[in-house]
Amino acid sequence: MKRNYKKFLGIGLALSMMVALLVGCGNSTPQGSGAADGGSTGTSTPREETLIFIGGGEPFDLAGLNSPMTGLDSCSTDFLLDYNNDTLEAEPCLAESWEEIDDGTHTKFRFTLRDGLTFNDGTPLTAEDVRFCLECYVNAGKEDTGILDMENTVVEDDQHLVIALKNYSPGWEYMFSDALPIYSKASVEAIGLENTVREAPATIGKYNFKEWKPGEYILYERNDNYWDPNYKGYYKYIKCIWVADIASGVLAVKSGDADIAYGPMGISVVDYKGLENDPYAEGLSFDISTSHHVIYNCESGPCSDVRVREALSYALDKDSMNMILNMGQGKPIQGLFLDDFPYYKEYYPGGVIPYDPAKAKELLEQAGYSNLTLTCLVTSDYKDAATAYQESLRNIGVTLNVDTEDFLVLMQRAYSGDFDLSFTNATNAVVNAQNFNHVDPAKIGQSPSNCRFVSDDLSAAIQKASAYDEAERAAGYDEVCKIIFDNYCLTGICNGYRYAAVKKGLTDVKVGTRMGYLDVSYVHPAE
Amino acid sequence: MVKYIIKRILILIPIMIGVITIVFCIRAVTKGDPVDNLVSASATEEQRQAKREELGLDKPLVIQYVTYLKDVFTGNLGTSYTTKQPVLKEIFQYLPTTAIVCFGAVILGAAIGIPLGVWSARKQYTWIDSAILVISMIARSIPSFCLAFFLISLFSVKLHWLPAVGITDPKGYILPMITIAVFSMSAYTRITRSSMLEEIRKDYITTARAKGLSENEIINKHAFRNASIPVVYTFGSQISMQLGGSLVIETVFGIPGVGKYIGDAVVARNFPVIQGGVIFLAFVFCICNLLVDIAFTIINPQLKVSLVYGKKSKLEKWFERTFTGKGKKREAQNG
């Protein structure tokens, strides 16, 4: 009896010590302070009043300061300007108007803020809040802010400020429409930018940030005092749950637990196809002018020979690639820009280079390459496509070694030119400075998908394509495209889409055409 | 006994130094510059260098190592690159969720696996024994993410009984627990079966039968009690294993636990979190094993003799035979 007592005491003691160690030492108090912290149980919201959105990787903050933006920020923070998905134009938002200051530089713009706007803590929005936020973003090195000239950005009065750029850049308005949220200066000064972008203490937005349970969800509550009387959010709450494996998110939509699933790159085309005939969920596809390409290392290795690049272009079976990348949804393309791009032109008669392995082999022989071995650098997203290309190239006597790397390693290798060819994508919905990331010689070592084609003509053409004058810019785009096509710097494969899983009956699910962010603040059930 | 515990705790120091060294070395040889993930693509080399200096990545590796070692032993596992929060604080924040899922799963696994193991041993060489062994083997070999997706498809998508992801509802714990429990169950079944088979062949069981005790009484009162030591050991090892291996399950089910925390850090190249997480899990693993050993000494005085005083008991020899096969080799050589 005594021994039994000891035995149970021993087991009980060991168990309780383990539980005490693991559970007891956990934080019962919320992390940090402020609105981003949730209680141990979190806020419970009625399901019918809550839109549940499953996102992929959890953002590090709400403003894209330390991580890519998610589009959720458009729920809780308005921008200086808005962006119209249909017209691709910037529109007034916190700023009711803006005009260029006529000093001949085309780099200074006067913004007039709407009258009577207040943050959700009651503080009025002033021009100084805007200037201060922009300065903080520049100091923090936020993406896109490199062209802001803060020395010449001045506040004229509470409602007016002049924003200066270092040089004119087409599409400069876009960064004010989806990348630089405006917070109150007082809150940023009080807790710092890093905490402000995590806790959003004072914002102007359709929804108010309510709670962030790290690793679990972010909760927003509708702002019933929103300044725009035309906007009416349907759901009282928006809850964003973070599930790294977005395939689980799709299942959650199918089960009715969630309303929308959309990861940083949407959902996979396989999951999208799997939603056909589902009784509860449907797949939506969004054309955001994304295109898939093969880029070549034009600077060194066998691909520095234009004949090799041409041969490799003829050996690319675009229809097969389209099946792999889009399950046949897309269509083969040729150049960097799709046919909906403002400066699109058809440079090749018939549209695209046909799949012609015989011609590819002939071109290689002419170039003096009979047994060629090349290295293809890809992330796991393009592994299947690269493997298919490997098979195509084998038919023409080229051995393609596919190196699948994670993005950071790929970046490092791409920056140093340690590859022969690579698969990449581009999103060129609007005319802006990012259009030439893949080909701009100035971006070598800065863009992981740059083809390292060094050419003065190309640099000059890109410069021309950034001109203020519309006709000159169009001519610049024309020249850039011609140089790319003539030199086979890259080969277009097919266009691409973003896919989302959505509960049946929901409408107004919007995806920003410029960056592919999902805006869920307009979603509502169909009438 | 106290001396033994102190000795075991002191042994943790070189073990942890070894773990820290290995983790640091792996980080040092890993390709890819974490700074690339922390600055914008258009950042200049000066900005990158400034970031490296801020993170201490510009210093020689030896200096980085010594600093890191000192920090870890003073309870500082570093600061997350992404959230700017202390890693240890964040781990403690995520730990309760992981602990609840793992303990629940391991207890569930034991509740199913132990009776199955006993039943299998009692019905040795029958179809029941074979069926249980096959189920156990399938449970052991099926990848946890496959099982997770299968369970979500069945219980969430088809039947709408349980939530597919998240733990905002307590029901959200059920599917992750079942997924882990299936794996755990197979371990219990096999260990219990082999331990029971060994016991029921012993002389005292034959004596008990000769004395006319019922089969239930023999199995439950005598054989199982003696066979339970390795089962307790399995409990400890399963807890340690599942704490460390919860990454996949937490990722699939969107559970905010330590595994998902480390998994996200791997994707983001958040080295302080990866290093700190691995070191913390190694520490917890060691502590769990220590607690299991202490529990053994309380449960069975024979083990106390061997563990505390360094003498090998019969039970320890049995352990050696079962888990290392050393005894079997010796027996084979002798006979």
Trace of the side chain to side chain contact (heavy atoms under 4.5 Å, CB included) decision for A:E216 with B:I167 = CA-CA 8 Å; A:E216 216 170 323; B:I167 51 160; 4.1 Å; yes

ask   = Are the side chains of A:Y217 and B:P256 in touch, meaning some heavy atoms are under 4.5 Å apart?
value =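 Side-chain contact under 4.5 Å: no.
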
Interatomic spacing from [atom1] in [X] to [atom2] in [Y] - rounded to 0.5 Å:
X      : Y      : atom1 : atom2 : result
A:L251 : B:L151 : CG    : CG    : 11.5 Å
B:S153 : A:K254 : OG    : NZ    : 7.0 Å
B:I152 : A:S255 : CD1   : OG    : 8.5 Å

request  = With a 4.5 angstrom heavy-atom cut-off, could you sort out which part of B:Y94 is near chain A: side chain, backbone, both or neither?
outcome  =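 Side chain only.
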
Sort [X] into side chain, backbone, both or neither according to what part of it lies under 4.5 angstrom from a heavy atom of chain B.
X      : result
A:A281 : neither
A:Y280 : side chain
A:I54  : side chain

ask   = Who among B:K158, B:E250, B:K260 has the most heavy-atom pairs with chain A under 4.5 Å?
value =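 Between B:K158, B:E250, B:K260, the count favours B:K260.
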
message = Quick check on the interface: out of B:L162, B:I255, B:D264, B:V252, who has the most heavy-atom pairs with chain A under 4.5 Å?
response =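 Looking at each option in turn, the highest pair count goes to B:V252.
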
Reference residue A:D245; test side chain to side chain contact (heavy atoms under 4.5 Å, CB included); the match among B:F253, B:F145, B:F149 =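 Running side chain to side chain contact (heavy atoms under 4.5 Å, CB included) over B:F253, B:F145, B:F149 with A:D245 returns exactly one hit, B:F149.
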
